[in-house]
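Quick caveat: nothing in here was measured; it's all calculated off a predicted structure.
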There are 2 protein chains.
Amino acid sequence: MEETKISDKRDYILDVAERLFAEQGFEAISVREISKAADINIAMVSYYFGSKEKLYEDVINRKLISSDTIAKSVGQHTSSMDKLFAMVDLYIEKFFERRLFQNIIFREMAMNQRTAMAEKIAAQVHKNFLLAYDIIQTGIDNKEFKKVDIELTVMSIIGIVRMYTTSGTMACKILKVEDESEAFGKKQKDRLRKHLRQLLINHLGIESK
Amino acid sequence: MEETKISDKRDYILDVAERLFAEQGFEAISVREISKAADINIAMVSYYFGSKEKLYEDVINRKLISSDTIAKSVGQHTSSMDKLFAMVDLYIEKFFERRLFQNIIFREMAMNQRTAMAEKIAAQVHKNFLLAYDIIQTGIDNKEFKKVDIELTVMSIIGIVRMYTTSGTMACKILKVEDESEAFGKKQKDRLRKHLRQLLINHLGIESK
DNA sequence: GTCTATATATGGATAGAC
DNA sequence: GTCTATCCATATATAGAC
């Protein structure tokens with residue numbers, strides 16, 4: 001009972017910190033700003049997390065567990081095309097839902113810094129990459145797909161979704177939508193899904209039935 | 001004569017600062033570190049640039065002038081396909097050559113911060129976007145290309161090149177190359193160019209002659 | 001658990017000697 | 001142009017009262 005309240009509060013602080021770290025970066029944001037935005041006393045950050053660095057790690061670790069989710073979602077389908085599309089849908093879903101978090105992940109990946117965390121992130125992303133790789137490889141072996149550069153095809157899928165979700169302002173400008181909440185609404189999500197499916201159908205030479 | 005020496009030194013400081021800002025971000029790097037890496041006295045940063053903020057702006061402004069370059073390179077061709085491929089080649093070329101700089105650009109774009117600079121960057125990127133948009137639009141009107149979601153197709157092109165160039169460590173891991181210098185060598189550049197061309201040929205339904 | 005007060009470090013910037 | 005020394009703001013972290 002009290003337990004849940006405490007972990008609610010912890011979670012709330014993590015939410016606030018995630019947003020601020022994502023928008024401005026680790027070094028750009030101070031624990032003062034975080035505690036102010038979360039409406040807690042500054043000393044509470046040390047109390048709950050130990051340090052700013054630890055808080056940052058907790059923000060990342062909290063959401064860096066999946067890839068089982070992908071495997072599970074993919075496993076329900078039989079054809080390579082269905083598997084690939086299930087994976088793409090999940091990617092879009094997760095990226096839209098967690099676009100602030102993804103911002104942190106890709107920023108870390110772009111750095112040659114903070115290596116302990118960076119290694120962990122790279123390992124996780126690579127695991128997800130391999131899942132996608134296997135799906136396409138199997139599809140090619142099956143003759144469901146044309147032969148393509150598999151590595152670059154997977155990177156392209158991720159790059160496209162990433163481009164959309166982690167450049168909010170740019171996406172708004174290009175798509176001529178009012179604000180970010182519209183850019184990440186259902187309509188635009190469906191649009192991106194449709195585009196990406198069509199692109200893959202064309203690229204992999206998938207025949208419609 | 002002395003003039004050139006001064007501007008050489010200025011340029012060298014800008015080179016060093018660009019690398020450090022790109023690798024770690026504006027706030028993460030101190031003028032002390034920059035001056036140490038550039039082997040100059042710390043006071044020289046103020047002397048040459050006025051402030052850290054101004055130095056950062058100079059780093060960005062120095063390379064954010066083009067889009068004429070794109071127009072020029074594209075203008076030499078007649079068919080929409082040739083124009084599009086010329087643009088893609090130039091994109092790949094510039095991204096490989098300036099991948100540290102691009103890292104800064106995309107980081108700025110991902111932020112809701114430092115708005116004066118961010119607006120300027122967004123304006124420039126948008127200008128480049130419109131060039132690509134027009135090429136594809138014309139191609140569709142010509143019946144050279146199939147109908148596609150033009151906005152998302154342009155974003156996809158940029159997203160793919162970006163994914164490759166601004167996640168160095170990840171790219172190495174995925175492509176199983178030793179180090180970054182190999183990942184950004186001629187061989188991998190040609191591979192990316194080939195992949196992207198094939199993807200666009202498939203997606204836009206371009207017929208080979 | 002929550003707060004104030006404070007220790008301590010580091011950052012950007014500049015004054016002024018050379 | 002270059003350097004040293006220093007000012008001042010801001011950062012993280014914690015000790016200790018409540």
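Remark: Y91(B) engages F95(B) in a ring-ring contact (aromatic ring centres under 6.0 Å, His included) (not counting sequence neighbours). Here R191(A) pairs with D149(B), E151(B) under the salt bridge (Lys or Arg N to Asp or Glu O under 4.0 Å) rule; sequence neighbours left out. I34(B) meets the side chain to side chain contact (heavy atoms under 4.5 Å, CB included) test with A17(B), L20(B), F21(B), I29(B), L55(B); sequence neighbours excluded. In this structure, the salt bridge (Lys or Arg N to Asp or Glu O under 4.0 Å) partners of K186(B), at least two apart in sequence or on a different chain, are D190(B).
The nearest whole Å value for the distance from the NZ atom in K36(B) to the P atom in dT10(C) is 12 Å. Between I13(A) atom CD1 and dG1(C) atom P the separation is 11 Å, expressed in whole Å. Across the protein-nucleic acid pair, F49(B) atom CZ and dA13(C) atom P stand 13 Å apart, rounded to whole Å.
For the pair V148(A) and H203(A), the tightest heavy-atom approach, listed with the atom from each and the gap, is CG1-NE2, 3.5 Å. Closest non-hydrogen pair, A22(B) versus N103(B), comes out as O-ND2, 3.5 Å.
A side-chain N or O of Y56(B) and one of E108(B) form a donor-acceptor pair less than 3.5 Å apart.
Not one side-chain nitrogen or oxygen of K54(B) sits closer than 4.0 Å to the OP1 or OP2 atom of dA13(C).
Considering R99(A), R193(A), R98(A) in turn, R193(A) is the only one that fulfils the salt bridge (charged side-chain N to carboxylate O under 4.0 Å, His left out) rule with E93(A).
Sorted by residue number, the members of residues 37-48 of chain A with any non-hydrogen atom under 4.0 Å from DNA chain C read N41(A), A43(A), M44(A), Y47(A), Y48(A).
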Give me, pair by pair, the N or O atoms of the protein and of nucleotides 6-11 of chain D that are less than 3.5 Å apart, along with how far apart they are.
none

